[in-house]
Visitor: 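I'd like to ask some things about the structure below.
Remember, predicted model here, so these are calculated numbers, not experimental data.
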Amino acid sequence: MKRIFKALGLTVAATFSISATNNWNTHVEVTERAYVLGNPDAEVTLIEFVSYTCPHCATFTIQGEAPLQLAYIGPGKLKFEVRSIIRNVVDETATLLVQCGDTSKFLQNHTMFMAKQSDWLERGRRSTRAQQALWTGPNRLQARQSMAQALGFYDMMATRGYERTELDRCLADNARAQQLQINTTADFADFGIRGTPSFALNGKTLEGVHSWQALAPQLNAQF
């Protein structure tokens, strides 16, 4: 395992794509810190704090996102906020691409990156020291472009209909990248987040809840 990935303790995980079950699953709005899915007037709000390089987040996608969409988001019972936590430069690049373009594309972009996580993390583990030095270097656009090429992000996004020029515009958005870091710091401070995935229900952090098995009873108690 190479230096960046070894330092982060990343391991391989697999996820799957989740299709929408009714209109509320495709309703997406953007706030300062989050992409918000579902009925904006829902009485219950669930926040997921997620990192794209987090294998446990991928596990949550496998076990939790389908029942969330089917039982809670789709029927309009629950509003679901996805907040990106930036743990490293790979998270930064992945998040800029997932959030690239129209908000209606977000959910499928998000699911694709999680579904293919094991493949592109493995590419990262095979990266050279020279590549990793570039990825952490001061020229952030060059760093992100190199990363996107090496990890297969350009090819992934092409399957979603994106052109290279559009992707590079998103990767060049240093102001957005800085805001993602600011949001991460704010969420850690406001919610006491210590790892990913973490969850907050109606504004209150759920201590010790980091999986679907632990989250499901908390949701069931709300309805």
Side-chain angles (χ1 to χ4, degrees), residues 8-29 31 33-40 42-88 90-91 94-95 98-99 106-122 156 183-184 187-188 190-223:
L8 293 171
L10 301 180
T11 57
V12 175
T15 66
F16 66 97
S17 177
I18 304 169
S19 61
T21 55
N22 80 15
N23 287 341
W24 285 123
N25 283 315
T26 59
H27 183 90
V28 183
E29 297 180 356
T31 67
R33 293 197 205 173
Y35 277 70
V36 185
L37 286 64
N39 179 3
E43 295 184 0
V44 177
T45 298
L46 175 68
I47 304 173
E48 179 188 10
F49 302 93
V50 61
S51 156
Y52 289 106
T53 57
C54 160
H56 296 296
C57 298
T59 299
F60 177 77
T61 298
I62 292 173
Q63 298 175 345
E65 286 197 9
L68 265 177
Q69 290 194 353
L70 180 63
Y72 301 108
I73 302 173
K77 297 178 180 180
L78 179 141
K79 180 171 59 177
F80 183 46
E81 295 191 16
V82 180
R83 300 195 183 196
S84 290
I85 298 298
I86 307 303
R87 306 188 305 164
N88 52 67
V90 182
D91 271 335
T95 303
V98 167
Q99 297 182 359
F106 168 78
L107 182 57
Q108 288 184 322
N109 290 347
H110 170 83
T111 304
M112 177 180 67
F113 268 74
M114 297 300 282
K116 295 181 178 292
Q117 186 197 73
S118 60
D119 294 334
W120 57 260
L121 281 185
E122 182 58 32
M156 288 165 54
N183 290 348
T184 294
D187 282 333
F188 269 71
D190 292 347
F191 292 91
I193 302 305
R194 292 186 290 273
T196 54
S198 289
F199 303 92
L201 191 59
N202 291 334
K204 182 180 179 180
T205 304
L206 299 176
E207 296 292 341
V209 175
H210 306 288
S211 66
W212 173 245
Q213 289 84 354
L215 177 62
Q218 300 280 346
L219 293 178
N220 290 338
Q222 297 294 315
F223 302 101

Visitor: Filter on salt bridge (charged side-chain N to carboxylate O under 4.0 Å, His left out), then keep only pairs touching residues 210-223, sequence neighbours left out; what's left?
Guide: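 Listed by first then second residue: nothing to list.
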Visitor: Considering residues at least two apart in sequence or located in another chain, which fulfil the side chain to side chain donor-acceptor pair (under 3.5 Å) criterion with Ser51?
Guide: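 Thr53, Arg87, Asp91.
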Visitor: Using the test ring pair (Phe, Tyr, Trp, His ring centres under 6.0 Å), find all partners of Phe106 that sit at least two apart in sequence or belong to another chain.
Guide: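 Checked Phe106 against ring pair (Phe, Tyr, Trp, His ring centres under 6.0 Å); matches are Tyr35, His110.
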Visitor: When you compare the side chain of Val50 with that of Thr196, does any pair of heavy atoms fall below 4.5 Å?
Guide: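 No, their side chains stay 4.5 Å or more apart.
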Visitor: To the nearest 0.5 Å, what is the distance between OG1 on Thr184 and CZ on Arg33?
Guide: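 Between atom OG1 of Thr184 and atom CZ of Arg33 there are 10.0 Å.
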Visitor: Do Leu68 and Phe60 make a side-chain contact, defined as non-hydrogen atoms from C-beta onward lying under 4.5 Å apart?
Guide: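 Yes; the side chains approach each other to less than 4.5 Å.
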Visitor: Between CZ of Phe49 and CD1 of Ile193, what distance do you get to the nearest 0.5 Å?
Guide: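 So the gap between those two atoms works out to 4.0 Å.
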Visitor: Could you list all the salt bridge (charged side-chain N to carboxylate O under 4.0 Å, His left out) pairs where at least one residue sits in residues 199-223, not counting sequence neighbours?
Guide: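 Listed once each, the pairs are Arg194-Glu207.
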Visitor: Not counting sequence neighbours, which residues clear side-chain contact (heavy atoms from CB on, under 4.5 Å) with Asn109? List them please.
Guide: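 Asn109 satisfies side-chain contact (heavy atoms from CB on, under 4.5 Å) with Val98, Lys105, Met157, Arg160, Tyr162 once adjacent residues are dropped.
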Visitor: For residues 209-219, which residue pairs qualify under side-chain hydrogen bond (donor to acceptor under 3.5 Å, both in side chains), counting only residues two or more places apart or in two chains?
Guide: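 For residues 209-219: Gln63-Gln213.
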Visitor: Hey, what do you get for CG (Leu107) to CG (Leu37), rounding to the nearest 0.5 Å?
Guide: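 Answer rounded to 0.5 Å: 5.0 Å.
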Visitor: Going by the rule ring pair (Phe, Tyr, Trp, His ring centres under 6.0 Å), which residues pair with Phe80 if we only count those two or more places apart in sequence or in a different chain?
Guide: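 Residues passing ring pair (Phe, Tyr, Trp, His ring centres under 6.0 Å) with Phe80: none at all.
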Visitor: Indicate every side-chain donor-acceptor pair of residues 72-79 with a distance under 3.5 Å to a residue at least two apart or in another chain.
Guide:
from	atom 1	to	atom 2	distance (Å)
Tyr72	OH	Asn220	OD1	2.5

Visitor: Could you pull out all residues at least two apart from Glu29 that satisfy side-chain contact (heavy atoms from CB on, under 4.5 Å)?
Guide: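 Counting only residues at least two positions away or on another chain, Glu29 forms a side-chain contact (heavy atoms from CB on, under 4.5 Å) with His27, Pro40.
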Visitor: Which distance, rounded to the nearest 0.5 Å, do you find between the CZ of Phe188 and the OG of Ser198?
Guide: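 Between Phe188 CZ and Ser198 OG, I get 7.5 Å after rounding to 0.5 Å.
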Visitor: Is any side-chain heavy atom of Val209 closer than 4.5 Å to a side-chain heavy atom of Leu201?
Guide: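 When only atoms from C-beta onward are counted, Leu201 and Val209 do not touch, as no gap falls below 4.5 Å.
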Visitor: For residues Ser84 and Gln99, determine if any side-chain heavy atom of one lies less than 4.5 Å from a side-chain heavy atom of the other.
Guide: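 Side-chain contact under 4.5 Å: yes.
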Visitor: Check whether any side-chain N or O of Thr26 sits under 3.5 Å from a backbone N or O of Asn23 as a donor-acceptor pair, and report yes or no.
Guide: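 Such a contact is found between Thr26 side chain and Asn23 backbone.
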Visitor: List the steps and the verdict of side-chain contact (heavy atoms from CB on, under 4.5 Å) for Thr61 and Gln117.
Guide: CA-CA 11 Å; Thr61 298; Gln117 186 197 73; over 6 Å; no
Visitor: Nearest 0.5 Å, please: how far is CH2 in Trp120 from OH in Tyr52?
Guide: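 The distance works out to 9.5 Å.
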Visitor: Which residues pass the side-chain contact (heavy atoms from CB on, under 4.5 Å) test with Glu81, sequence neighbours left out?
Guide: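 Glu81 satisfies side-chain contact (heavy atoms from CB on, under 4.5 Å) with Ala34, Val36, Thr45, Ile47, Arg83 only.
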